[in-house]
Amino acid sequence: MFLLENQEARKGLNAARDGLRHSLEKHGIGVQVLRFWGERKLAYKIGTRRRAVYFLGWLEATGEAVNAAKRDFYLVGPVFRCLFIREEQIPPEELALGIQPIDEAAVQIPEDKPEAPAEGPYVAEPEPAPEVVPAAAAPASSEPVAAESAAPAESR
Amino acid sequence: MPDSTKKQSPPAHFDFKDVEALQRYLSPQARIHSAKRTGLSAREQRQLKCAIKYARFLALLPFTT
């Protein structure tokens, strides 16, 4: 089973399915059945995605081919999650479906926009202006302090 | 005996795509019920566990709520 991004599937389900089939066959995987399973809301967010298009396939492949295909899917492309399970035989009712064209008019795929951040962009607050100290008062206050601090050191 | 307390027979095969059937074996917090509560055999409970975990991976079922 393959999860595809809604934005890619909106461009065309048949094109998405053909791209998926091409990616599988590139690694020597025999695609017996590949059909549109549904479009639904995810039970939890995956990245920024809240919805996905599901494709169900029945394949004939070796373990190495499956690993190579998985690596390929996760690197690039609209497939963001896939699950391969070993089965002894393909059910006859599934095998009868084969690879059929999808009626895209019958399927409504809503747009899955990434949600906007709750808060706006960070804006630094302006620093408060420093208080102005009169220039004449500053040396008068600093001299006695320096004399007091120096006095105990000299006595020692 | 009322129908609600009757023990339901488990399906012959737990399918990870059958979300509604699998949800019957989950708590409101999406935890899998124990074998004592489901009444399944050890083999059936293992099949249920695998089916739920496949469904969770595919975001058909939540890990927690």
Side-chain angles (χ1 to χ4, degrees), chain A residues 1-9 16 20 33-59 66-67 69-71 73-74 77-95 97 109-110 112 114-115, chain B:
Chain A
M1 186 168 260
F2 307 93
L3 272 77
L4 275 76
E5 292 179 2
N6 264 24
Q7 303 294 358
E8 288 293 324
L20 184 59
V33 181
L34 191 58
R35 65 180 175 90
F36 174 71
W37 188 72
E39 192 280 333
R40 56 185 295 155
K41 187 174 180 290
L42 300 174
Y44 53 89
K45 271 173 68 178
I46 301 176
T48 56
R49 306 170 194 93
R50 288 183 173 277
R51 306 189 69 88
V53 171
Y54 289 78
F55 274 91
L56 180 66
W58 293 86
L59 319 166
V66 168
N67 284 337
K70 264 188 194 176
R71 204 177 316 122
F73 285 141
Y74 287 142
V79 178
F80 62 92
R81 194 158 281 194
C82 58
L83 178 71
F84 291 86
I85 298 172
R86 184 176 173 169
E87 290 283 344
E88 293 303 320
Q89 59 179 8
I90 303 172
E93 64 271 14
E94 287 281 347
L95 200 55
L97 293 171
I109 299 175
D112 185 22
E115 60 181 13
Chain B
M1 182 183 280
D3 285 342
S4 60
T5 57
K6 271 185 186 173
K7 189 178 169 184
Q8 293 178 342
S9 60
H13 174 69
F14 289 103
D15 188 6
F16 68 91
K17 300 185 292 297
D18 193 356
V19 178
E20 287 173 7
L22 294 178
Q23 266 175 338
R24 292 196 299 117
Y25 297 97
L26 293 177
S27 74
Q29 287 77 34
R31 297 179 68 184
I32 305 173
H33 287 320
S34 64
K36 186 177 176 182
R37 183 158 175 180
T38 57
L40 300 174
S41 68
R43 179 177 290 180
E44 289 166 343
Q45 185 76 12
R46 282 199 300 275
Q47 289 171 350
L48 170 70
K49 177 193 76 175
C50 285
I52 289 174
K53 288 186 177 185
Y54 289 151
R56 280 176 176 170
F57 177 73
L58 292 169
L60 298 171
L61 287 176
F63 283 94
T64 183
T65 53

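Minimum heavy-atom separation, A43(A) to P62(B): CB-N, 3.5 Å.
The contact between L42(A) and chain B is made by backbone and side chain atoms together, counting heavy-atom distances below 4.5 Å. Heavy atoms closer than 4.5 Å to chain A are found in the backbone of L61(B), but not in its side chain.
With rounding to the nearest 0.5 Å, the separation of CD1 in I46(A) from CG in L58(B) is 8.5 Å. A distance of 5.5 Å separates CZ of F16(B) from CG of L83(A), quoted to the nearest 0.5 Å.
Looking at residues two or more places apart in sequence or on another chain, you find a side-chain hydrogen bond (donor to acceptor under 3.5 Å, both in side chains) between S41(B) and E44(B).
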Tabulate, with distances rounded to 0.1 Å, every donor-acceptor pair spanning chain A and chain B at under 3.5 Å.
residue, atom, partner, partner atom, Å
R56(B), O, Y44(A), OH, 2.6
F57(B), O, Y44(A), OH, 3.3
F57(B), O, R81(A), NH1, 2.9
L58(B), O, Y54(A), OH, 2.7
A59(B), O, A43(A), N, 2.8

